[in-house]
Structures are given as structure tokens and as C-alpha cells.
Amino acid sequence: MGRLQQTFGLTGEQREIIATVRAFVDREVLPVATELEHADAYPEEIVAGMRELGLFGLMIPEEHGGLGESLLTYALVVEELSRGWMSVSGIVNTHFIVAWMVVQHGTDAQRAHYLPRMAAGEVRGAFSMSEPECGSDVAALRTRAVPDGDDYLITGQKMWLTNGATSNLVATLVKTDPDAGHRGMSTFLVDKEPGFGEVAPGLTVPGKIEKMGYKGVDTTELLFDGYRIPAAQILGGTPGRGFYQMMDGVEVGRVNVAARACGVARRAYELAVEYARRRETFGKPIAEHQAVLFRLAEMATKVEAAHQMTVMAARRKDGGDRNDLEAGMAKYMAGEYCKEVVEDAFRIHGGYGYSKEYEIERLYREAPMLLIGEGTADIQKMIIGRRLLAAD
């Protein structure tokens with residue numbers, strides 16, 4: 001198994017970071033993940049450990065208190081965290097997207113105000129684009145921000161916020177000019193108190209959305225009712241750029257989801273191999289039966305292919321190029337392969353896979369989220385197809 005998910009060309013510092021995170025996952029995450037997941041409990045101690053490791057500032061520039069690492073390093077860290085428990089990677093993902101957007105698109109004042117505290121994990125970010133009625137059709141969002149002197153008043157309903165309650169900063173996409181299409185959208189940096197209920201005047205987090213999997217991390221709605229916010233909180237200081245800022249964040253977010261799928265698939269493969277080696281039928285371990293051996297070979301190939309595609313997408317973004325094609329391919333392939341690898345591991349476990357005593361049961365409920373997070377498989381195929389035709 002040691003030959004899988006190797007990444008060539010890493011620096012010594014990158015290898016040290018990955019090894020440190022892997023050891024942290026083995027020591028602090030895997031032993032408690034299933035228990036916490038079944039209880040839908042927020043992993044406070046694990047999050048504290050991630051703060052100590054500096055993971056909340058992994059890609060924030062050093063001048064703002066972060067580690068200044070690449071998207072590739074971040075993707076490999078996410079792979080390791082997801083191997084332990086996918087929800088843990090979700091806690092840092094939306095934070096990372098918001099930090100990325102502030103670094104890339106924020107004003108100097110916004111960077112100086114938020115980034116040092118984000119790097120320390122004192123300010124934790126959430127990312128809000130979706131709404132109950134728009135799904136993948138971002139242009140159909142209804143939340144409005146209306147000018148009022150030097151401020152804006154925001155009214156509307158946002159949906160599917162990861163870290164919606166535990167965050168205290170939300171990058172929120174709203175319409176500031178309903179007649180201007182994509183150019184009429186702006187991203188606001190919304191400060192709030194952590195928790196549920198009214199977290200700021202005119203701003204409410206009504207409660208946690210109950211989910212099939214992806215537990216532990218809170219997923220919420222966000223309700224605006226005349227919420228007053230200064231115009232200076234528009235990301236970049238200029239209205240009308242929000243859609244493009246969000247799409248930039250989504251591109252790196254899709255690399256993250258692909259990396260999560262790689263981590264979950266790797267763990268499912270590990271569990272399948274471990275079980276197949278010790279479970280005996282007809283006088284020998286089931287790993288020695290050709291049907292199981294072939295299944296393991298297919299699983300390992302999918303794990304490796306998804307990893308290499310994810311690495312390629314991350315490296316393209318790190319090189320300064322747009323990576324919507326590669327990120328879409330990576331997210332699509334890794335999500336689909338993760339589902340298949342987890343299901344094959346479930347089959348190898350037989351009846352025991354259906355028991356909550358076995359870890360594969362948790363992975364079986366977590367994998368479907370990766371098919372829809374940061375855009376469904378059909379959306380990825382649409383992006384891929386359009387970019388391929390445009391390239392021709």
C-alpha cells in the first residue's frame with residue numbers, strides 16, 4: 001500500500017508537513033472519528049490540534065502570519081485529513097476558500113485585518129453561495145443588498161453553509177444590481193458571532209441541518225433580514241465582481257473536494273485490504289480468492305488515478321494558470337471513483353460492512369457528499385465539455 005498516492009517532486013518541507021499531518025491523523029483522528037461521527041459531535045480537540053499545527057494558515061502568506069504553502073501542499077494535507085475523517089477536512093476547507101479569496105481579491109486593509117487572525121485560527125471562515133431555490137444556477141440567487149448611505153442592507157436566505165455556526169466570518173455572494181446578470185453580484189465579508197440564533201442584528205443561523213453523513217461539522221442556513229453592513233466590507237472594495245471572485249474560490253474548492261475523495265477512497269482501500277487478509281473462507285484468506293484480488297486491484301488503480309489527477313489540477317493552479325478544466329476533471333473522477341472504491345470495500349466486508357461497529361459503514365454514508373459538493377458530477381461534465389470545445 002505504500003506505493004499508492006506517491007507525489008513526486010516534493011520539497012523536503014512539503015514531505016515533512018505531510019508526514020506530520022499523517023502522524024496526527026493516526027494518533028488523534030482515526031481512534032475517535034467513528035465515535036464522534038455517530039454522536040454528530042464537533043471535534044473540538046482535533047480542531048485545537050490543527051490550530052497548533054498551523055493548518056488554518058497553511059496557504060496564507062508568511063507576511064500575514066501563515067505558512068505560505070502551495071495549493072498542492074494543501075491538497076495533500078486534505079488527503080491525509082480525509083483519510084482520518086472527512087468532516088475534519090471540511091472544517092478547514094471553507095476557511096481556506098475564504099482566506100484564498102481575501103488573499104487574491106481583498107483590499108490591503110481587508111488582508112491586514114483578516115489574514116493574521118485567520119492564520120492563527122482566531123477568525124474562522126465560511127463560504128456562502130448556494131440558496132434554497134438556485135442550486136447550481138448561481139445566476140438565480142435572490143438575496144439582495146440594497147445601498148443605504150455608506151452601508152448596504154442585505155435581505156435573503158442562504159443555504160448549505162459548512163461551518164455556518166462555528167465560523168465568525170462568512171464570504172457571502174448577493175445581488176447588488178439585479179439587472180446586470182453575473183456582473184451584478186458582489187461578495188460581502190460578513191462578520192458574526194459563532195453559534196445559533198441571532199448572531200448579529202438582522203442575521204440568524206436557525207439551526208443545524210441534519211445529514212445522512214458528513215457529521216460533526218455543522219451545516220446551516222443563514223437568514224438575512226435587513227442586515228446592515230458597511231460598503232467597505234465588499235471584497236476588493238468594488239461591487240459587481242463577486243461572481244468571478246466566488247468562481248475563483250470554487251476552483252480551488254474543487255481541488256479540495258477531489259483531495260477529500262482521494263483520502264476517503266484510500267482509507268476504504270486500506271480497510272478492505274486489512275479485512276481481506278484476516279477473513280478466511282474455504283480454508284484461506286479471502287484476499288487470495290481471485291474475485292477479491294481483482295476487486296482490490298481495481299480499487300487501487302482508481303485510488304492512484306484520482307490522486308494523480310488531483311495533483312495535476314493543484315499544480316496547474318500553483319503555476320498561475322486557470323485550472324477550471326483540470327479541477328473539474330479531478331473533482332468528477334475522484335468523486336466517482338471514491339464512491340466505487342467505498343462500495344467495493346463495503347462488499348468485501350460482507351454483512352459486517354452493514355454494522356456500525358465497522359468503520360466502512362461511516363465511509364459508505366460519507367462518500368455520496370463528494371458527488372455533489374462544489375458542484376454535481378453533471379455540472380463538472382458541463383464545465384469540462386465547454387472548456388474542451390473552447391480550447392479547440
Side-chain angles (χ1 to χ4, degrees), residues 94-95 97-99 101-102 104-115 117-118 123-135 137-209 218-250:
T94 54
H95 173 88
I97 293 177
V98 176
M101 291 170 63
V102 173
Q104 299 297 321
H105 306 288
T107 64
D108 289 341
Q110 288 168 348
R111 294 189 189 103
H113 179 69
Y114 286 113
L115 292 178
R117 293 184 296 147
M118 295 186 80
V123 169
R124 301 259 293 282
F127 174 85
S128 179
M129 184 167 63
S130 185
E131 296 186 4
E133 302 299 327
C134 73
D137 183 10
V138 180
L141 65 82
R142 300 178 180 179
T143 300
R144 292 281 309 277
V146 179
D148 186 54
D150 293 331
D151 300 333
Y152 280 81
L153 299 178
I154 302 178
T155 299
Q157 179 182 8
K158 308 299 285 186
M159 192 72 174
W160 305 119
L161 276 77
T162 301
N163 298 317
T166 49
S167 63
N168 47 9
L169 173 65
V170 184
T172 308
L173 184 66
V174 304
K175 282 189 174 178
T176 46
D177 185 352
D179 299 323
H182 293 99
R183 292 180 175 81
M185 300 182 188
S186 304
T187 300
F188 282 84
L189 299 174
V190 176
D191 294 309
K192 71 175 187 66
E193 291 297 319
F196 295 99
E198 190 172 45
V199 293
L203 183 60
T204 300
V205 179
K208 185 163 62 174
I209 298 171
D218 49 284
T219 304
T220 75
E221 298 176 76
L222 192 62
L223 308 180
F224 292 91
D225 185 12
Y227 172 77
R228 181 174 295 274
I229 187 169
Q233 290 300 106
I234 294 176
L235 180 63
T238 304
R241 300 176 180 174
F243 177 80
Y244 304 99
Q245 294 164 347
M246 283 277 174
M247 290 304 104
D248 188 33
V250 166

With sequence neighbours left out, the residues meeting side-chain contact (heavy atoms from CB on, under 4.5 Å) with Q157 are P132, E221, L223

For R117, does the CZ atom sit with more than 12 other heavy atoms under 6.0 Å from it, leaving out its own atoms? yes

Nearest heavy-atom approach of M129 to L141 is O-CD2, 4.3 Å

Distance col, row L173:CG vs M185:CE, nearest 0.5 angstrom, shows 6.0 Å

Checklist entry - When you look at V250 and F127, which way does the side-chain contact (heavy atoms from CB on, under 4.5 Å) test go after all the steps? => result CA-CA 10 Å; V250 166; F127 174 85; 3.8 Å; yes

So, does Q233 use its side chain to make a donor-acceptor pair with the main chain of L189 at under 3.5 Å?
-> yes

Check your understanding: For the side chain of T155 and the backbone of G226, is there at least one donor-acceptor N/O pair under 3.5 Å apart?
Key -> yes

A200 meets the side-chain contact (heavy atoms from CB on, under 4.5 Å) criterion, sequence neighbours left out, with L203, Y227

The side-chain hydrogen bond (donor to acceptor under 3.5 Å, both in side chains) partners of H182 (sequence neighbours excluded) come to none

Minimal heavy-atom distance between P239 and T176, with the atoms involved, is CB-OG1, 4.3 Å

**Request:** Return yes if some donor-acceptor pair links the side-chain N/O of K192 with the main-chain N/O of S167 below 3.5 Å, else return no.
**Result:** yes

Residue set satisfying ring-ring contact (aromatic ring centres under 6.0 Å, His included) with Y114, at least two apart, ordered chain then number -> none

Between W160 and S130 the two heavy atoms that sit nearest each other are CD1-OG, 3.7 Å

So salt bridge (Lys or Arg N to Asp or Glu O under 4.0 Å) across residues 198-209, not counting sequence neighbours, yields D40-K208

Distance col, row M159:CE vs E131:CD, nearest 0.5 angstrom, shows 11.0 Å

Residues passing the side-chain hydrogen bond (donor to acceptor under 3.5 Å, both in side chains) test with D108, sequence neighbours excluded, are R111

- request: Carefully, step by step, assess L222 and V205 under the rule side-chain contact (heavy atoms from CB on, under 4.5 Å).
  value: CA-CA 5 Å; L222 192 62; V205 179; 3.6 Å; yes

Between the CZ atom in F188 and the CZ atom in F224, the distance rounded to the nearest 0.5 Å is 9.5 Å

Minimal heavy-atom distance between T162 and T94, with the atoms involved, is O-OG1, 3.6 Å

When every non-hydrogen atom of D218 is compared with those of G164, the smallest separation belongs to OD2-N, 3.0 Å

Taken in chain and number order and not counting sequence neighbours, the residues that satisfy side-chain contact (heavy atoms from CB on, under 4.5 Å) with Q104 are W100, D248

Measure from the side-chain N and O atoms of H95 to the backbone N and O of M118, and report whether any donor-acceptor pair falls under 3.5 Å.
-> yes

Applied to residues 165-179, the salt bridge (Lys or Arg N to Asp or Glu O under 4.0 Å) test, sequence neighbours excluded, yields none

dist M246:CE -> H105:NE2 (nearest 0.5 Å) comes out at 10.0 Å

Value for CZ (R142) from NZ (K158), rounded to nearest 0.5 Å, stands at 12.0 Å

Between I154 and T143, the two heavy atoms sitting closest are CG2-CG2, 3.7 Å

Applied to residues 223-238, the salt bridge (Lys or Arg N to Asp or Glu O under 4.0 Å) test, sequence neighbours excluded, yields D148-R228, D151-R228

Residue set satisfying side-chain contact (heavy atoms from CB on, under 4.5 Å) with A109, at least two apart, ordered chain then number -> T107

Value for NE2 (H113) from CG (L169), rounded to nearest 0.5 Å, stands at 8.5 Å

| request: Under the side-chain contact (heavy atoms from CB on, under 4.5 Å) rule, what do R124 and N168 come out as? Steps first, then yes or no, please. | output: CA-CA 6 Å; R124 301 259 293 282; N168 47 9; 4.2 Å; yes

Check your understanding: With no hydrogens and no angle check, is any side-chain donor or acceptor of Q245 less than 3.5 Å from a backbone partner on S186?
Key -> no

side-chain hydrogen bond (donor to acceptor under 3.5 Å, both in side chains) filter on T219, not counting sequence neighbours, yields K211

Sorted by chain and residue number, the side-chain hydrogen bond (donor to acceptor under 3.5 Å, both in side chains) partners of S128 (sequence neighbours excluded) come out as none

